[in-house]
Amino acid sequence: MRKVKFILMSLVTATIIGCGTTSTVPITGRKQTLMVSDGEVLSLANQQYKEFMTKAKKSTNAANTAMVQRVGQRLANAVTQYLKANGMANEVQNYQWEFNLVADKQVNAWCMPGGKIVVYEGLLPVTQDEGSLAIVLGHEIAHAIAKHSAEQLSTQMRQQQGLQIGTAIAGALGMGPNTQSIVQTVAALNFNFGNLKYSRDHENEADHIGLIITAMAGYDPQVALPFWQRMAASSTQQTAEFLSDHPSDATRIRNIQNWMPEALRYYKRQ
């Protein structure tokens, strides 16, 4: 029985690990294994983005809209130059950058794979200036070029495979339905907490890459510290970090302080 169990678990490991392609995250150099293609992710993202924009109300503030587009395009140009200069020119075709400001009081911004970025008007009183807006947009652009959405999808696919194969193994080992149900529940809970940490890792990486992108584009990365302090002060809800998909404010600020010397090496005032 132990030999059968070992063979089955080896098969599970080989099946899950053996799938996907390996790529490198720009700037950080981290290796990632993706089980979905760029085409698949971009097709889904474009569809969802179009659906959102048909329902969203664009801002009527022409000056703020122009600012969001101006800062965003400056950052996108810097990213494009970096990719071309570092052997990743083939990645440029995956991004059709677009920056929209929507009339919504939420303090929020997000980026779809492929470079579709939305900023909510409620964020601008916190950013206060173009440099701080660049910090936010750099962070969102970082999620796109690091392919975090594709990585999250890949993780979910591997987890689903693991649950399916685990159920099959449980049956092969003679476990009853109740025991199999418990195994699935425990596995699902473990995956849930694992995903929370996984998302925090992505947020940390986006902070790091975004800080570098901001500096590359000629914005002073040092404005990140007072900006995130303002964000922390504006937060109305404090969530324990281990239960959150974002790092705590204190952790985020401490990490940015540690990355600042690296970012300043890229910074050239324009």
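Annotation: side chain of Thr251 is in contact with side chain of Arg254 (closest heavy-atom distance under 4.5 Å).
The structure places CZ of Phe227 at 9.5 Å from CD of Gln128, a figure rounded to the nearest 0.5 Å. The CG atom of Leu137 lies 12.0 Å from the CZ atom of Arg74; values are rounded to the nearest 0.5 Å. Separation of atoms OH (Tyr49) and OG1 (Thr54) is listed at 11.0 Å; rounding is to 0.5 Å.
Smallest separation of non-hydrogen atoms from Ala224 and Ile135: CB-CD1, 3.6 Å. The minimum heavy-atom distance between Cys111 and Ile117, with the atom names listed, is SG-CG1, 3.3 Å. Ala103 and Glu121 get closest at one heavy-atom pair: CA-OE1, 3.3 Å. A pairwise comparison of heavy atoms in Ala217 and Leu75 identifies CB-CD2, 3.6 Å as the closest pair. Nearest heavy-atom pair, Tyr219 versus Glu130, reported as atom, atom and distance to 0.1 Å: OH-OE1, 4.0 Å. Here the shortest heavy-atom pairing between Ile213 and Gly138 reads CD1-O, 4.0 Å.
A donor-acceptor contact closer than 3.5 angstrom is absent between the side chains of Gln81 and Asn77. In summary, the side chains of Gln222 and Tyr267 do not present any donor paired with an acceptor at a separation below 3.5 Å, with no hydrogens or angles considered. Side chain to side chain, Ser132 and Arg230 meet the donor-acceptor criterion of an N or O pair below 3.5 Å.
Under the 30°/60° scheme for interplanar angles, the aromatic rings of Phe52 and Trp110 are found to stand perpendicular. Using a 30° and 60° split on the angle between ring planes, His148 and His143 fall in the perpendicular class, above 60°.
By the ring pair (Phe, Tyr, Trp, His ring centres under 6.0 Å) test, Tyr95 pairs with Trp97, sequence neighbours left out. In this structure, Asn108 has no side-chain hydrogen bond (donor to acceptor under 3.5 Å, both in side chains) partners at least two apart in sequence or on a different chain.
A salt bridge links Arg30 with Glu151: the distance from a Lys NZ or Arg NE/NH1/NH2 to an Asp or Glu carboxylate oxygen falls below 4.0 Å.
Applying the 4.5 Å side-chain rule to ILVMFWY residues, one finds that Leu42 remains a lone member of its cluster.
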